[in-house]
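Have a look at the structure below, then the notes.
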Amino acid sequence: MTYNHREIEKKWQRYWEENKTFKTDTESDKPKYYVLDMFPYPSGAGLHVGHPEGYTATDILARMKRMQGYEVLHPMGWDAFGLPAERYAMKTGNDPRVFTNKNIDNFRRQLKSLGFSYDWDREINTTDPEYYKWTQWIFIQLFKKGLAYMAEVPVNWCPDLGTVLANEEVIDGKSEWGHPVIRKPMRQWMLKITEYAERLLKDLDKLDWPENIKEMQRNWIGKSEGAEITFRIDGHDETITVFSTRPDTLFGATYLVLAPEHALVDQITTPDRREAVEAYRRSIESKSDLERTELSKEKTGVFTGAYAINPVNGEKLPIWIADYVLATYGSGAIMAVPAHDERDWEFAKKFDLPIRVVVKGGDVDREAYTGDGEHVNSDFLNGLNKEEAINRMIEWLEENGVGRRKVTYRLRDWLFSRQRYWGEPIPILHLEDGTIKPIPEDQLPLELPEMDEIKPSGTGESPLANNEEWVNTVDPETGMKARRETNTMPQWAGSCWYYLRYIDPHNKERLADPEKLKKWLPVDVYIGGAEHAVLHLLYARFWHKVLYDLGVVPTDEPFQRLYNPGMILGENNEKMSKSKGNVVNPDDIVESHGADTLRVYEMFMGPLEASAPWSTDGLDGARRFLDRIWRLYVGEDGKLDAKIKPEAAVDPGFEKTYHQTVKKVTEDYENVRFNTAISQMMVFINEAYKQKEIPKSFAEGFVKLLSPVAPHIAEELWEIMGNEPPVSLATWPTYDPDKLVEDEVEVVIQVNGKVRSKVTLPADASKEAMEKAALDDEVIKEWLAGKTVRKVITVPGKLVNIVAN
RNA sequence: GCCAGUGUGGCGGAAUUGGCAGACGCGCACGACUCAAAAUCGUGUUCCUUUUAGGAGUGUGGGUUCGACUCCCACCACUGGCACCA
């Protein structure tokens with residue numbers, strides 16, 4: 001009987017579903033194991049072969065841990081708000097709910113066809129009012145803590161379409177249909193993630209994450225330490241505060257630069273410079289952020305006519321404006337030290353401003369010197385090195401009340417509102433007296449109203465603004481007329497806390513039961529794409545810390561261990577895409593080769609974190625491996641093959657291979673090295689083929705090892721062996737360390753570092769015995785003929801190296 | 001430009017307290033089975049040479065060491081992230 005994947009896979013998927021084999025009992029006494037996938041956006045295109053890579057990895061861990069006696073939480077859900085559904089609704093006039101639910105049904109069908117061991121009773125959907133009720137609740141807590149506020153922020157406004165576009169919808173300053181897009185300031189919700197910058201940075205050290213992801217987050221947060229320095233402005237009462245990481249170079253400052261948007265520019269500009277300054281600012285405003293950075297090779301700027309006073313020596317420094325100074329970082333103003341800062345150096349060269357050396361070591365005629373060195377021309381800093389001088393200067397600034405030690409972060413507050421329909425409504429009322437307040441928590445969820453037509457409001461507000469009935473309301477507490485917030489939340493919102501809801505998905509009273517959260521947090525292993533390395537993972541960590549401060553969750557970090565699966569490329573080594581025609585659809589593979597083959601293949605391609613091209617031949621190889629297993633176990637009659645028997649004569653070599661296999665596969669799964677685990681299982685099968693008889697206990701142990709990767713065939717073989725299903729809940733096999741110990745080892749003999757001979761010796765042979773065996777070896781004697789032995793290095797149980805000349 | 005990562009056969013990849021480079025799979029070649037083919041089973045497969053053997057070899061060049069894919073220095077290439085962040 002041949003291996004019929006279509007029949008077997010359907011049979012066991014039905015069995016698992018009917019028996020609720022993978023249901024999690026969150027109140028069980030067993031130790032917990034929480035293994036989580038990044039939940040997908042259910043796109044119309046369906047599952048991509050990239051999805052099953054990460055999902056199989058988590059599934060292997062979930063299945064092994066279950067068999068090892070853990071209570072495993074392994075859930076799945078849908079990150080279902082998002083732009084494609086909104087655009088579909090605008091184009092077709094259909095409700096995005098219908099479209100989204102159709103896509104979800106398709107995704108769920110596909111995931112089930114791959115045999116993942118999710119507890120489907122915990123499925124969540126970010127667009128479900130019972131779910132986003134709590135997303136809104138968290139927003140209200142953020143608002144109450146002062147972490148959500150409104151600010152004027154520029155958006156991509158497209159007048160022709162009457163709508164605001166996302167950054168990715170703007171191509172070369174135009175909409176995808178070629179309409180012009182301009183930057184327009186709008187009142188928007190911001191979340192004060194910057195208040196958590198230091199904790200988000202520091203706590204990275206506690207996480208078992210890939211170092212590159214942590215580094216990306218560190219760079220994103222961008223901590224820099226330095227000082228704030230206050231400059232008086234000649235002839236004005238106002239002062240300018242600058243941030244510098246090099247306060248030690250204050251004696252080398254020769255001018256100041258403000259960002260063109262800096263609030264003081266209008267006040268300090270002298271009449272004769274006004275025209276030039278206005279013209280420069282206008283030229284900046286018409287540029288997008290992108291243009292400003294792209295055209296940045298050449299420094300631009302104008303003199304304001306005003307002068308600042310250097311607090312340390314009373315010198316008058318001209319104040320310029322230039323777009324190389326960013327309004328959004330630090331205080332939007334800098335002191336320029338052209339001798340020791342590359343950007344200032346370029347600017348000074350271009351505008352012929354003085355360059356004064358205060359640190360010895362470079363050649364400032366050629367370039368700025370940013371390294372360490374002895375300070376000169378710097379009064380009380382002369383002779384000091386960089387670190388000493390920085391500290392001494394900060395002391396001086398603080399003593400004289402003109403500055404202080406200061407830490408600045410590159411991280412900006414999170415722009416949290418979207419001018420969209422298909423997102424969580426922000427639960428805020430704008431009262432007629434101009435105040436804002438959250439809607440009472442007992443009135444949550446604030447449901448997204450169904451609308452006959454979803455079209456741009458024309459004002460830049462979301463399509464919700466068209467719905468007068470919904471927008472205009474009355475504050476139930478004061479009776480005042482009120483307007484609902486028409487902005488909705490970004491897609492990140494729902495994914496910031498979904499891992500909490502899985503723990504207690506049907507709780508009507510609260511986000512989740514605190515006792516359950518206490519047992520189940522943190523997530524033990526989290527697997528998902530590296531494209532979320534910064535934003536999703538940083539936002540989720542931020543919300544988690546806020547919830548920790550509120551006492552809602554018991555841990556200060558959500559995800560302990562993290563892995564990012566690499567990308568599966570097309571057969572031609574390029575990214576899979578429709579236009580290149582190299583996309584592989586998992587449905588087709590499940591049909592032709594089977595889900596188990598797809599799972600084995602994707603795990604065998606290479607390390608989980610590496611990208612690799614799809615290979616049809618490789619896929620066939622995975623199938624061949626499963627066929628080989630099948631033929632080893634199942635005879636022509638469909639019954640267990642006669643050579644697998646309870647009382648079999650065991651070859652000692654094969655016995656050792658079995659125990660090695662149990663050990664290696666268990667350790668490799670635990671450490672997410674699935675490719676080498678599979679290769680070890682192949683070694684076992686190759687050995688098994690050479691045996692006349694195979695002990696049934698080995699055959700059973702092997703099926704258990706196989707079951708996390710290829711669960712359907714494993715269940716079938718388990719049943720054919722006469723065992724009670726499911727193997728998915730059987731006990732994980734163990735190995736006997738004594739069976740792994742070698743009596744004899746092959747010792748390598750080298751002459752001058754080159755392998756010349758080998759000799760078999762007892763594993764515990766002494767150094768002297770090994771040396772003697774080496775020198776007595778016939779081949780070695782020939783190599784040593786005519787030479788004098790200078791030295792012999794012996795590594796017990798491994799090798800002997802003879803140095804001779 | 002800056003930061004991080006990677007670089008091993010025809011291909012995907014193994015091997016790390018420094019100790020036999022190339023496990024396992026793919027592909028290819030040969031053999032068995034077959035009227036034949038497919039499938040299957042078996043053998044071989046880093047390269048070079050004058051092939052019972054020897055030499056070279058883990059991106060390039062140098063170094064440390066009895067011994068380096070592994071450690072150090074410099075460089076090159078590719079991938080990812082950031083991009084005037086003071």
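First the proteins, then the strands, lettered A, B, ... as listed; each starts at 1.
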Regarding the side chain of A:Leu326, the nearest nucleotide among B:rA4, B:rA86, B:rG81 is B:rA86
- Query: Which is true for A:Ser611 with a 4.0 Å heavy-atom rule: it touches a base, it touches only sugar-phosphate, or it touches nothing?
  - Reply: sugar-phosphate
- Angle class for the A:Trp320/A:Phe303 ring planes (parallel below 30°, perpendicular above 60°, tilted otherwise)? tilted
**Request:** Remember a base hit wins even if backbone is also touched, and classify A:Glu746 as base, sugar-phosphate or nothing at under 4.0 Å, heavy atoms.
**Result:** base
Report task. Taking only Lys NZ, Arg NE, NH1 and NH2, and the carboxylate oxygens of Asp or Glu, determine whether A:Lys350 and A:Glu298 approach each other closer than 4.0 Å. Result -> yes
Among side-chain atoms of A:Asn391 and A:Arg405, is any donor-acceptor pair under 3.5 angstrom? yes
(Q) Using the C1' atom as the point on both nucleotides, what is the distance between B:rA53 and B:rA38, in whole Å? (A) 42 Å
Can you check whether A:Lys754 has a side-chain N or O nearer than 4.0 Å to OP1 or OP2 of B:rA56? yes
Nucleotide by nucleotide, nucleotides 23-28 of chain B touches protein heavy atoms under 4.0 Å in the pattern (B base, S sugar-phosphate only, - none) BBSSS-
side-chain hydrogen bond (donor to acceptor under 3.5 Å, both in side chains) filter on A:Glu315, not counting sequence neighbours, yields A:Asn313, A:Arg356
Residue set satisfying side-chain hydrogen bond (donor to acceptor under 3.5 Å, both in side chains) with A:Lys781, at least two apart, ordered chain then number -> none
**Message:** OP1 or OP2 of B:rC84 versus the side-chain N and O atoms of A:Arg410: is any pair under 4.0 Å?
**Reply:** no
The nucleotide from B:rC41, B:rA86, B:rC66 with an atom nearest the side chain of A:Thr245 is B:rA86
Taking atom P in both B:rC69 and B:rG63, what distance in whole Å separates the two? 15 Å
Exactly one of A:Arg412, A:Arg410, A:Glu215 clears side-chain contact (heavy atoms from CB on, under 4.5 Å) with A:Trp220, and that residue is A:Arg410
Rounded to whole Å, OH of A:Tyr329 lies from P of B:rA83 at a distance of 13 Å
Taking A:Arg218 first and then A:Glu211, would you say they form a salt bridge - that is, a charged N and a carboxylate O separated by under 4.0 Å? yes
So the side-chain hydrogen bond (donor to acceptor under 3.5 Å, both in side chains) pairs with at least one residue in residues 610-625 of chain A (sequence neighbours excluded) are A:His5-A:Arg623, A:Glu571-A:Thr616, A:His593-A:Asp620, A:Arg623-A:Asp627
| task | Give A:Ser224 one of three labels, base, sugar-phosphate or nothing, depending on what nucleic acid heavy atoms sit under 4.0 Å from its own. | result | sugar-phosphate
Write down the distance separating the P atoms in B:rG22 and B:rA29, rounded off to the nearest Å.
24 Å
Worksheet item: Considering only the P atoms, how many Å lie between B:rU17 and B:rG12, rounded to the nearest integer?
Response: 26 Å
The nucleotide from B:rC84, B:rA21, B:rG19 with an atom nearest the side chain of A:Lys798 is B:rG19
| field | Distance between P atoms of B:rU65 and B:rU70 (Å, rounded) | value | 16 Å
Listed pairs, N/O of protein and of nucleotides 44-52 of chain B, under 3.5 Å:
none

query: Passes salt bridge (Lys or Arg N to Asp or Glu O under 4.0 Å), A:Arg673 versus A:Asp668? Steps please.
result: CA-CA 5 Å; A:Arg673 292 189 299 252; A:Asp668 282 353; 3.1 Å; yes
Margin query: Strictly below 4.0 Å, N to O, side chains only: are A:Glu693 and A:Lys643 in salt-bridge contact?
Written below: no
The glycosidic conformation of B:rG18, counting syn as within 90° of 0 and anti otherwise, is anti
Exercise. Considering only the C1' atoms, how many Å lie between B:rG67 and B:rC20, rounded to the nearest integer?
Worked result: 12 Å
Before we go on, tell me: are the rings of A:Phe604 and A:Phe674 under 6.0 Å apart, centre to centre?
no
So what does A:Val795 touch, heavy atoms closer than 4.0 Å: a base, only the sugar-phosphate, or nothing?
base
Of the listed B:rA14, B:rC84, B:rG19, the closest approach to the A:Pro607 side chain comes from B:rA14
To the nearest angstrom, the NZ-C1' distance between A:Lys758 and B:rG19 comes to 13 Å
Using 4.0 Å as the upper bound for N to carboxylate O, is an ion pair formed by A:Glu198 and A:Lys202?
no
- Message: Please classify the nucleic acid contact of A:Arg412 as base, sugar-phosphate, or nothing, using heavy-atom distances under 4.0 Å.
- Response: base
Dot-bracket assigned to RNA chain B with the 3.5 Å Watson-Crick/G-U criterion, [ ] for crossing and | for other-strand pairs, is (((((((..(((......[....)))((((((.......))))))((((...))))..(((((..]....))))))))))))....
Would you say the side-chain atoms of A:Thr194 pair up with the backbone N or O of A:Asp413, donor to acceptor, closer than 3.5 Å? no
Next on the checklist: Over all strands shown, is A:Asn212 touching base, sugar-phosphate only, or nothing at heavy-atom distances under 4.0 angstrom?
Outcome noted: sugar-phosphate
Whether A:Lys299 engages the ring of A:Tyr324 as a cation-pi pair (distance to the six-membered ring centre under 6.0 angstrom, angle to the ring normal within 45°) should be assessed.
yes
Taking B:rG55, B:rG19, B:rC66 as options, the one with an atom nearest any side-chain atom of A:Trp783 is B:rG55
query = What interatomic distance, in whole Å, is found between C1' of B:rC76 and the corresponding atom of B:rG27?
reply = 31 Å
TODO: Determine the interatomic distance between P on B:rC3 and the same-named atom on B:rG18; round to the nearest Å.
DONE: 27 Å
Taken to the nearest whole Å, CG/A:Asn219 to P/B:rG80 is 17 Å
From the candidates B:rG19, B:rA4, B:rG13, the one with an atom nearest any side-chain atom of A:Ala612 is B:rG13
Have a look at A:Pro210 and say if it touches a base, only the backbone sugar-phosphate, or nothing, with a 4.0 Å heavy-atom cut-off.
nothing
